[in-house]
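What follows is a single structure, written as structure tokens, with notes after it.
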Amino acid sequence: MNFGGSKLVLIATVGLLLVAPFVVWGALRLAARNPKRDLRPLLPWLKGFRWLAWSCGLLPYGAYFLGDHIPWAYAAAAVTFSIGLSFPERWLKEHSASPSSTT
């Protein structure tokens with residue numbers, strides 16, 4: 001399999017995966033503005049999605065080191081995306097644990 005496509009596609013994909021955790025975090029903060037919303041059920045989904053992204057990042061790393069022609073930047077971006085998702089996950093844990101007081 002050869003991924004020797006456009007460098008623009010590579011840059012766009014890597015950039016999107018680097019920005020996406022901040023978009024998720026912003027969406028969670030916007031959803032948390034409504035005090036009637038309980039965001040705690042999203043925690044297992046976010047954690048599962050983070051692990052899925054991490055796993056999807058390891059597969060290209062393995063393929064790259066086994067001699068396939070997948071650019072390592074895709075794997076690095078997927079793993080970085082997974083790490084970036086840990087920040088909104090931690091914020092959601094802290095936000096869910098604190099009592100909602102509007103003073």
Side-chain angles (χ1 to χ4, degrees):
M1 186 181 299
N2 188 359
F3 281 87
S6 171
K7 289 189 181 198
L8 185 61
V9 172
L10 177 69
I11 292 169
T13 304
V14 170
L16 180 67
L17 286 175
L18 293 178
V19 171
F22 297 107
V23 173
V24 170
W25 200 348
L28 287 174
R29 288 188 61 102
L30 284 175
R33 286 185 175 183
N34 185 352
K36 295 179 183 176
R37 273 200 191 122
D38 184 22
L39 298 177
R40 278 179 277 170
L42 292 177
L43 272 171
W45 286 96
L46 191 57
K47 186 172 187 171
F49 186 58
R50 187 170 57 91
W51 278 102
L52 178 69
W54 184 77
S55 300
C56 289
L58 285 184
L59 291 175
Y61 266 132
Y64 175 75
F65 287 116
L66 290 175
D68 214 349
H69 298 287
I70 297 174
W72 62 270
Y74 287 126
V79 171
T80 304
F81 171 69
S82 171
I83 293 167
L85 283 178
S86 68
F87 297 115
E89 181 185 350
R90 183 174 16 139
W91 176 85
L92 188 57
K93 281 181 187 177
E94 292 171 0
H95 185 324
S96 300
S98 67
S100 57
S101 61
T102 55
T103 55

Mind checking whether Ile83 and Leu17 sit in one hydrophobic cluster, side chains of I, L, V, M, F, W, Y counted as touching below 4.5 Å? no
Test side chain to side chain contact (heavy atoms under 4.5 Å, CB included) applied to Ala32 - qualifying residues, sequence neighbours left out: Leu39, Trp91, His95
Once you round to the nearest 0.5 Å, how far does CG of Leu85 lie from OG1 of Thr80? 11.0 Å
Is Leu18 reachable from Phe87 through a run of hydrophobic residues whose side-chain heavy atoms are each under 4.5 Å from the next? no
hydrophobic_cluster_shared for Val79 and Leu16, side chain cutoff 4.5 Å: no
Could you see if Phe81 belongs to whatever hydrophobic cluster contains Leu58? Use Ile, Leu, Val, Met, Phe, Trp, Tyr and a side-chain cutoff under 4.5 Å. no
Sorted by chain and number, sequence neighbours left out, side chain to side chain contact (heavy atoms under 4.5 Å, CB included) with Trp51 holds for Lys47, Trp54
Listed partners of Ala73 passing side chain to side chain contact (heavy atoms under 4.5 Å, CB included), at least two apart: Leu10, Val14
Side chain to side chain contact (heavy atoms under 4.5 Å, CB included) filter on Leu52, not counting sequence neighbours, yields Phe49, Cys56
Glu94/Arg90 salt bridge by N-O under 4.0 Å criterion: no
Closest non-hydrogen atom pair between Pro88 and Pro21, with its separation: CG-O, 3.8 Å
Cluster companions of Val23 among Ile, Leu, Val, Met, Phe, Trp, Tyr (side-chain spacing under 4.5 Å): Val19
Only pairs at least two apart or in different chains count here, so list each side-chain hydrogen bond (donor to acceptor under 3.5 Å, both in side chains) that has a residue in residues 25-37. none
